[in-house]
2 protein chains.
Amino acid sequence: MELRDISRLLYQIKLADQRVATSFEKETGFSLTRYEMLMIVHDKGVCSQSEIQQAMKIDNAAITRHLKILEEKGYVRRERNTANHREVFVHLTDEAKHDLTSCEQDHDRSKHLITKVLSESEINQLSSLLQKLNQL
Amino acid sequence: MELRDISRLLYQIKLADQRVATSFEKETGFSLTRYEMLMIVHDKGVCSQSEIQQAMKIDNAAITRHLKILEEKGYVRRERNTANHREVFVHLTDEAKHDLTSCEQDHDRSKHLITKVLSESEINQLSSLLQKLNQL
DNA sequence: AGTCAATTGTTGACTCGTCAAATGTAAAAC
DNA sequence: GTTTTACATTTGACGAGTCAACAATTGACT
């Protein structure tokens, strides 16, 4: 495996990422990162930012900024934990829940782009390969 | 395939991209994008920026800025095409060629991280899956 | 010629991530 | 009971990409 080949492979990953993220945003109206963030908060119900950080593995600074935007849009509410004023608790608003489920439903009707180029089993393959990469 | 699952998958791609790009840079000393750019110029010998753009599929603005940096580092030289003053011809300097081959050699000795988590056949799988994604 | 359109590259304003330094709070050490 | 130390979040400066507006050059049509 030459360095040249590795560079080509990794660059393909970069391109795929860009492609896929922008197409997700076009289809759903949510940025991929913020959608993921909302879903994580949704699953946890209420959580601190560092919990989000651990789940998403991106920088805390990015979390803060996304949440600020989501708050402005009225999708999340943030309150300092009264028992520990260091942390901020985040939870979804009803509006967010509503918009997310309606987005899901819209989506169910019009299959996502990715299912047009990859079969179910290929998606599973991809997922397990990515999992290995993300162990690095 | 639920939207939630798609979001998870795409987010994994994003994470893999970030991981892999930063590890490439740490190991080689070249940013992935600029390495790829240098190799493309290397392969073509001399080329215009729009040729690079087509090969790399990133915005022209990004190309301009990377080339500016590479020029400052003494890795490429740029001259307007005398036959068509709209385009700029780019070619590598000897310094770049030298540094690139020595980087390649260093690399051959210390296998790249990716080969530690993926087998040869997994890498091929991944590559073909990415190719399909990049058709979107 | 003289205008109009297409091509090539550059620049500015924006998004999204990083790291590092700063803030504010809690807990531990003395 | 201060003074460290650690933790959670925030902010600022930066890198890398996007898009849109602009400039310069070329080529084509009348």
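Computed from heavy atoms alone, side chains included, the values below leave out hydrogens, waters and symmetry copies. In what follows, chains are A, B, ... by sequence order, proteins preceding strands, each numbered from 1. As the structure is a prediction and not an experimental result, all values here were calculated from the model.
- In this structure, the NE2 atom of B:H85 is 15 Å from the C1' atom of D:dG27, given to the nearest Å.
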Q. With the sugar-phosphate defined as primed atoms, P, OP1 and OP2, and the base as all remaining atoms, what B/S/- string results for nucleotides 8-16 of chain D, 5' to 3', for protein heavy atoms under 4.0 Å?
A. SBBBBB--S
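- Counting only residues at least two apart or in different chains, salt bridge (Lys or Arg N to Asp or Glu O under 4.0 Å) contacts with residues 114-128 of chain B comprise A:K132-B:E122.
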Q: List the steps and the verdict of side-chain hydrogen bond (donor to acceptor under 3.5 Å, both in side chains) for B:Q53 and B:N60.
A: CA-CA 6 Å; B:Q53 192 279 324; B:N60 253 319; 4.9 Å; no
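- One can place CZ of A:R19 at 14 Å from C1' of D:dT18, the figure rounded to the nearest angstrom.
- If you measure from atom CD of A:E72 to atom P of C:dT15, you get 11 Å, rounded to the nearest angstrom.
- Using cut-offs of 30° and 60° for the angle between ring planes, the A:F24 and A:Y35 rings count as perpendicular.
- Taking a cutoff of 4.0 Å between a charged side-chain nitrogen and a carboxylate oxygen, A:R78 and A:E71 qualify as a salt bridge.
- As a whole-Å value, the separation of B:K57 NZ from D:dT18 C1' is 17 Å.
- Partners of B:Y11 by ring pair (Phe, Tyr, Trp, His ring centres under 6.0 Å), not counting sequence neighbours: none found.
- Put simply, CD on A:E36 is 16 Å from C1' on C:dG17, counting in whole angstrom units.
- We find that CD1 of B:I52 is positioned 13 Å from P of D:dG17, with the value rounded to whole Å.
- For the OP1/OP2 pair of C:dT18 and a distance below 4.0 Å, the side-chain nitrogens and oxygens of B:Q18 include at least one atom meeting the criterion.
- The CG atom of B:N81 sits 15 Å away from the C1' atom of D:dG27 (whole-angstrom rounding).
- Residues B:E36 and A:S7 have side chains that bring a donor and an acceptor to within less than 3.5 angstrom of each other.
- In this structure, B:D17 atom CG and D:dG17 atom C1' are separated by 11 Å, rounded to whole Å.
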